[in-house]
Amino acid sequence: MMIKVCGMRDAENIRKVEALGIDLMGFIFWLKSSRYVSERPAYLPTRCKRVGVFVDEDIETVKRIADEYALDFIQLHGHESPEYCAQLNGLKMIKAISVSGRDDIATYKAYEGLVDYFLFDTKCPSVGGSGQQFDWKILSAYDGNTPFLLSGGIGPDDAKVLTSRLSPLTSKKCVGIDLNSRFEIAPGLKDINKLKTFIESL
């Protein structure tokens, strides 16, 4: 199970989270986010993969930031079309799918074969980071071939219930989880002890 911690920007916090042995670290390049990376952190991870999160951003801007930050993945968290994704060919991609009901799961079909992972997140008025969960059981509606990460309000007490809420079939495609707001001291600053305890429990 891959662990992605998103919404990072403080250099010392980045070091401490990376030291927990996570697989992916997310940096948000969306101006309206309270976790927006307004300037390059003094330290960027070298032992885990770097993920840049974008929301309906200009393609050339995405490419420039991907190069500047040496991003391993681009996470598209807006209404980017399949055609938009195709223009980023050559970059590894995670496409976020906002979910409130079973019908939303089917949105993935338009992106099958274009991205490396899907990320199923809770549909909310903002763009992610709501701290709210959707009903994970509806992921049984997912019948695609692309592996996915589960996001949306996963908190410190959820380690033991994650697998019980995913069907055996779905869990084979669920290759990772995304942790963010419920592990924070403040936006963009993670509680290391909560993360450590959760990861050990998982």
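Keep in mind that what you see is a predicted model, and the values were worked out from it rather than measured. Note: hydrogens, waters and symmetry copies are ignored here, and every other heavy atom, side chains too, is used.
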Roughly how far, to the nearest 0.5 Å, is the OG atom of S38 from the CD1 atom of I28? 12.5 Å
Test item: D104 side-chain N/O and G101 main-chain N/O as donor-acceptor pair under 3.5 Å: yes
Residues passing the side-chain hydrogen bond (donor to acceptor under 3.5 Å, both in side chains) test with K16, sequence neighbours excluded, are none
Just by modelled atom types, is the T46 backbone N or O under 3.5 Å from a matching donor or acceptor in the E18 side chain? yes
Kindly say whether K194 contributes a backbone atom to a donor-acceptor pair with the side chain of T197 at under 3.5 angstrom? no
Heavy-atom closest pair (R35 atom, S181 atom, distance to 0.1 Å) is NH2-CB, 3.4 Å
Candidates Y117, F118, Y142 - the one meeting ring-ring contact (aromatic ring centres under 6.0 Å, His included) with F148: Y142
Given 3.5 Å as the limit, does a donor-acceptor pair link the side chain of D191 with the main chain of I185, or not? no
Taking all non-hydrogen atoms of both residues into account, name the closest pair between M93 and L114 and its distance. CE-O, 3.6 Å
Distance (rounded to the nearest 0.5 Å) between C85 SG and I74 CD1: 11.0 Å
Using the rule that two of Ile, Leu, Val, Met, Phe, Trp, Tyr join whenever any of their side-chain heavy atoms come within less than 4.5 Å, decide whether Y36 and V5 are in one cluster. no
K92 versus K49: any side-chain heavy-atom pair under 4.5 Å? no
Heavy-atom side-chain contact between F134 and L150 under 4.5 Å: yes
What's the verdict on side chain to side chain contact (heavy atoms under 4.5 Å, CB included) for K4 and S151, showing C-alpha distance, side-chain angles and the deciding distance? CA-CA 9 Å; K4 175 176 176 278; S151 186; over 6 Å; no
Side-chain contact, heavy-atom cut-off 4.5 Å: I59 with L88? yes
Of all the heavy-atom pairs spanning R182 and G153, show the shortest one and how long it is. NH1-O, 2.7 Å
Should L91 and Y111 be counted in the same cluster of Ile, Leu, Val, Met, Phe, Trp and Tyr side chains packed under 4.5 Å apart? yes
Would you call E200-K196 a salt bridge at under 4.0 Å N-O? yes
With side chain to side chain contact (heavy atoms under 4.5 Å, CB included) as the criterion, how do L202 and I177 come out once you've worked through the C-alpha distance, each side chain's angles and the decisive distance to 0.1 Å? CA-CA 11 Å; L202 189 66; I177 55 175; 3.7 Å; yes
Over 12 foreign heavy atoms within 6.0 Å of CG, D58: yes
Would you please say whether a donor-acceptor pair under 3.5 Å links the side chains of Y108 and D143? yes
Is L20 reachable from F27 through a run of hydrophobic residues whose side-chain heavy atoms are each under 4.5 Å from the next? yes
Enter the distance from S81:OG to H79:NE2 here, rounded to the nearest 0.5 Å. 12.0 Å
Side-chain contact, heavy-atom cut-off 4.5 Å: L24 with L149? yes
Roughly how far, to the nearest 0.5 Å, is NZ of K95 from OH of Y84? 10.0 Å
Main chain of C6, side chain of K190: is a donor-acceptor contact present, judged purely on distance under 3.5 Å? yes
Between E112 and N145, is there a donor-acceptor pair closer than 3.5 Å when you use the side chain of the first and the backbone of the second? yes
Please tell me if the side chains of I22 and I199 come closer than 4.5 Å, counting only heavy atoms from C-beta onward. yes
Heavy atoms only: give me the nearest Q133-G152 pair and the separation to one decimal. CG-O, 3.2 Å
I'd like to know if I192 and M8 are part of one continuous hydrophobic network [Ile/Leu/Val/Met/Phe/Trp/Tyr, side-chain heavy atoms within less than 4.5 Å]. yes
Mind listing the closest non-hydrogen atom pair of P45 and M25 along with its distance? CG-SD, 3.9 Å
E184 side chain to G188 backbone, donor-acceptor under 3.5 Å: yes
Can any side-chain N or O of R9 pair as donor or acceptor with the backbone N or O of P187 at less than 3.5 Å? yes
Could you tell me whether the side chain of D23 and the main chain of I3 form a donor-acceptor pair under 3.5 Å? yes
What pairs meet the ring pair (Phe, Tyr, Trp, His ring centres under 6.0 Å) rule with one or both residues in residues 53-72, with sequence neighbours excluded? F29-F54, F29-Y69
Begin from the C-alpha positions of V115 and L76 and carry the test side chain to side chain contact (heavy atoms under 4.5 Å, CB included) through to its verdict. CA-CA 10 Å; V115 300; L76 303 175; 5.7 Å; no
Is there a donor-acceptor pair closer than 3.5 Å between any side-chain N or O of D158 and the backbone N or O of G155? yes
To the nearest 0.5 angstrom, please state how far the CD1 atom of I94 sits from the OG1 atom of T146. 12.0 Å
Verdict with reasoning, I97 to I105, per side chain to side chain contact (heavy atoms under 4.5 Å, CB included): CA-CA 7 Å; I97 306 289; I105 302 293; 6.0 Å; no
Please report the interatomic distance CD(E60) to CD1(I65), rounded to the nearest 0.5 Å. 12.0 Å
State, to 0.1 Å, how close V51 and L71 come at their nearest heavy-atom pair, and which atoms those are. C-CD2, 4.2 Å
